[in-house]
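Note that the structure is a prediction, hence the values are computed from the model and not measured. Below, chain A is the first sequence line, B the second, and so on; all start at residue 1.
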Amino acid sequence: MRFSNLFGKTLREVPAEADSLSHQLLIRAGMIYQVAAGVYSHLPLGWRVLKKIGQIIREEMDKAGGQELMLPVLQPFELWQESGRHLSFGKSLFTLSDRREHKLCLGPTHEEVITELVHHYVQSYRDLPLLLYQIQTKFRDEARPRGGLLRVREFIMKDLYSFDIDEVGLDESYQRMVQAYKNIYGRCGLSTVLVEADSGAIGGKESHEFMFVTEAGEDEIIYCSNCDYAANVEKAQSVKPKLEVEAPLSLEEVSTPGIKTIEEVANFIGVSPRCTLKAVFCIADGELTFAVIRGDFEVNEVKLANLLNCVEFRLAAEAEVEEAGLIAGSASPVGIKRIKTVADDSITLGSNFVAGANKADTHFKNVNYPRDFEADVVADIAITRPGDGCPKCGSQLLAMHGIEVGHVFKLGTFFSRKLGAFFLDKNGTSKPIVMGCYGIGLERLLAATVEQSHDDKGIIWPVSIAPYQVYLCPLYLDNPQVSSLAEKLYEDLREEGVEVLFDDRNESAGVKLNDADLLGIPLRIILSPRTLKIQSVEVKWRAEELTQLLSLENAAKEVKQLINLRLAELLSSL
RNA sequence: CGGGGUGUAGCGCAGCGGCUAGCGCGCAUGGUUUGGGACCAUGAGGUCGGAGGUUCGAAUCCUCUCACCCCGACCA
């Protein structure tokens, strides 16, 4: 490709709306253009990267036994009603009506469509297992798109669905996908860590996310300072610090005028927050639910929602709390009736707690579970914090941020039951197909790579996904010798099968070199009167400082070898 | 959805009640240049996000509205 013909333009200045580094660099390099909030056009350079990422994914999916197909973006809304996910997806689902006022939606994911498809074609255990995938545009009406390509409303996703006869088969498919994903990130030159993830309320058993670790990431990862435990904070568990259990004292009412928050209560009474009980209220599928937790912990809403197994979940408004006869600020699990109560297991790690008395400006001392109140469920609903104990080995937990670049998920039989995808096993018994799903967002993978690999001058693409492998950069192009030899080298490189961007512009050296750095093409070749004097060209890796000279005669072949060597290195590191 | 911010030329910004709206970059033409974002000359390019209002007069003040960005909520 000749630079003079390339559509897109590099920018010197940082666009005002771009905040994240990848966003800034991708715009400045002329790879993406924003059309609306969370909606982008991919310009030729950016699209080449996405196509290469797609190809790597495709190869690894095929290698793992996947079959590529293509499902529709446009989906009947009824299908989502069948699974019930029209509610759980809520406003994130883009919906529209056709000319007959028939309701449709734009696919945010394809479990429903593919389960229905597999239901149609699979009747016997002999048809299983199956690994089906597609690379396709997804639509999600995110409440807040952000960070350029990091969170968008329209994006390209590889989604694979596994169909097995049982849990053992699912485990196998799952492991196969985990390995394939590791290969993909390795080939793309992106470092990732595998962390346990929330599996949601739809009956999934196990789920993992592939994270690229960076402060720019919006996910928080809790990991162990000693062992290999790592989990998304939504999922992370910990060993909660135990308090000395004292002999239970008798319940005592204390006047606490104007005292509402845990800190105020703890200060007023003169105890530590961990000697108090905190109340949190939520609305789960319309039902007010009371959650109680030790005062030094916070409620993890994801865990709570999962535990309640509800479709719609939100925190309750103050008015709703009062309507239920509870006193905000002095709400208490003691003596409440007809309200579902969920308790964090931290309330069993301690005694003689201070809690609300459900009476204005009044608290109780010496509240003990289960003597003074009952809970319908006692489970872990706490947010795990750095500093807590690792659930595996007890060592200290730490926290970091990451970008989720892939998600693998054991779905189980939720969709197959909802959509009637059953098969007959060897004994002629009808069973639901056991499913898994596995997703990678291509733009996000691209953006994460830029976040990982750049310097103050621009992007540094790994050879495997760079838009071009070589940046051919002749200087003093009005010198006829330079220009004719550059043209020749351009031809030779292309004959060798090297992907080359030929900067045929009659720009100053500074402009060309800066653009070369900004675009991040892995290998730069400079050809100038200076190098011609010694019958050579100068080559330099974008990621390195050193330059080397190649003889003009064999330049194309040697460049080809250099590129191949780099690609091989990337593969051998897997 | 709550809080904050920004909309003026392709990009970055200035102008914030008074003549025909400016600057830098980029763009076009001509010339001189070229190892890290050259220079000179000439030129093109704007319904000042939109609507309404106040005023003799609005980019500028007021109201409404739209879009985008950031923080939070949200994100099977």
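When heavy atoms are screened at a 4.0 angstrom cut-off, Arg151(A) is found touching base atoms of the nucleic acid.
Note on Asp296(A) versus Lys278(A): no salt bridge recorded, every NZ/NE/NH1/NH2 to OD/OE distance being 4.0 Å or above. Salt-bridge annotation for Glu142(A) and Arg151(A): present, with a side-chain N of the basic residue lying under 4.0 Å from a carboxylate O of the acidic one.
His208(A) has its ring centre no less than 6.0 Å from the ring centre of Tyr181(A).
On the P atoms, rC56(B) is 24 Å away from rG50(B), given to the nearest whole Å. Taking atom P in both rC74(B) and rG24(B), one finds a spacing of 49 Å when rounded to whole Å. Spacing between rU65(B) and rA9(B) at atom C1', rounded to whole Å, works out to 25 Å. Comparing the C1' positions of rA76(B) and rC70(B) gives an interatomic distance of 27 Å, to the nearest angstrom. Remark: the separation of the C1' atoms in rG52(B) and rC13(B) is 29 Å, to the nearest Å. Between the P atoms of rC23(B) and rU42(B), the separation comes to 13 Å (whole Å). Remark: the separation of the C1' atoms in rG43(B) and rC48(B) is 23 Å, to the nearest Å. Across the C1' atoms, rU29(B) and rC68(B) are found 37 Å apart, a figure rounded to whole Å.
For the pair Arg385(A) and Phe297(A), the cation sits on the ring face: its NZ or CZ lies under 6.0 Å from the ring centre, inside 45° of the axis. Stacking of Arg524(A) on the aromatic ring of Tyr471(A) is not recorded, the 6.0 Å distance cut-off and the 45° axial limit not both being met. By the 6.0 Å and 45° rule, Lys410(A) stacks over the aromatic ring of Tyr174(A).
Distance CD (Gln75(A)) to C1' (rA76(B)): 14 Å, rounded to an integer number of Å. Distance CG (Leu150(A)) to C1' (rC69(B)): 14 Å, rounded to an integer number of Å. Rounded to an integer number of Å, the gap from Glu209(A) CD to rC75(B) C1' is 11 Å. Phe313(A) places its CZ atom 12 Å from the C1' atom of rC74(B), with the value rounded to the nearest Å. Taking atom CG of Asp198(A) as the reference point, atom C1' of rA76(B) lies 9 Å away to the nearest angstrom. Atom pair Glu301(A):CD and rA73(B):C1' shows a separation of 9 Å (rounding to whole Å applied). To the nearest angstrom, C1' of rG10(B) lies 13 Å from CG of Leu43(A). What separates CG of Leu315(A) from P of rG2(B) is a distance of 17 Å, to the nearest Å.
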Listed pairs, N/O of protein and of nucleotides 70-72 of chain B, under 3.5 Å:
residue : atom : partner   : partner atom : Å
rC70(B) : OP1  : Gly147(A) : N            : 3.3
rC71(B) : OP2  : Arg144(A) : NH1          : 3.3
rC71(B) : OP2  : Arg144(A) : NH2          : 2.6

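For rU60(B), there is no paired nucleotide, since no Watson-Crick or G-U wobble pair has both relevant distances below 3.5 Å. Pairing of rA67(B), defined by two Watson-Crick or G-U wobble distances under 3.5 Å, is identified with rU6(B). With a cut-off of 3.5 Å on both pairing distances, the Watson-Crick or G-U wobble partner of rG72(B) is rC1(B). Within the shown strands, rG12(B) is the pairing partner of rC23(B) under the Watson-Crick or G-U definition, both distances less than 3.5 Å. Pairing for rC39(B) is with rG31(B), a Watson-Crick or G-U wobble pair whose two hydrogen-bonding atom distances lie under 3.5 Å. Nucleotide rU55(B): unpaired (no Watson-Crick or G-U wobble partner with both distances less than 3.5 Å). When both pairing distances are held under 3.5 Å, rC48(B) makes no Watson-Crick or G-U pair with any nucleotide shown.
Ring geometry for Trp47(A) against His42(A) counts as parallel: the plane angle stays under 30°, on a 0 to 90° scale with 60° as the upper cut.
When each of Ile460(A), Leu546(A), Leu562(A) is paired with Trp541(A), the side chain to side chain contact (heavy atoms under 4.5 Å, CB included) condition holds for Leu562(A) and for no other. Lys303(A) pairs in a salt bridge (Lys or Arg N to Asp or Glu O under 4.0 Å) with only one of the listed residues (Asp344(A), Asp380(A), Asp198(A)), which is Asp380(A).
At least one side-chain nitrogen or oxygen of Gln34(A) sits closer than 4.0 Å to the OP1 or OP2 atom of rC69(B).
The backbone N or O of Pro72(A) sits less than 3.5 Å from a side-chain atom of His110(A), completing a donor-acceptor pair.
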Completion exercise
Readout for nucleotides 25-38 of chain B: B = base within 4.0 Å of protein heavy atom, S = sugar-phosphate only, - = neither; 5' to 3' it is SSS------BBBBS
Problem - Ser92(A) and Asp141(A): CA distance, side-chain angles, deciding distance, side chain to side chain donor-acceptor pair (under 3.5 Å) verdict - result: CA-CA 4 Å; Ser92(A) 295; Asp141(A) 197 358; over 6 Å; no
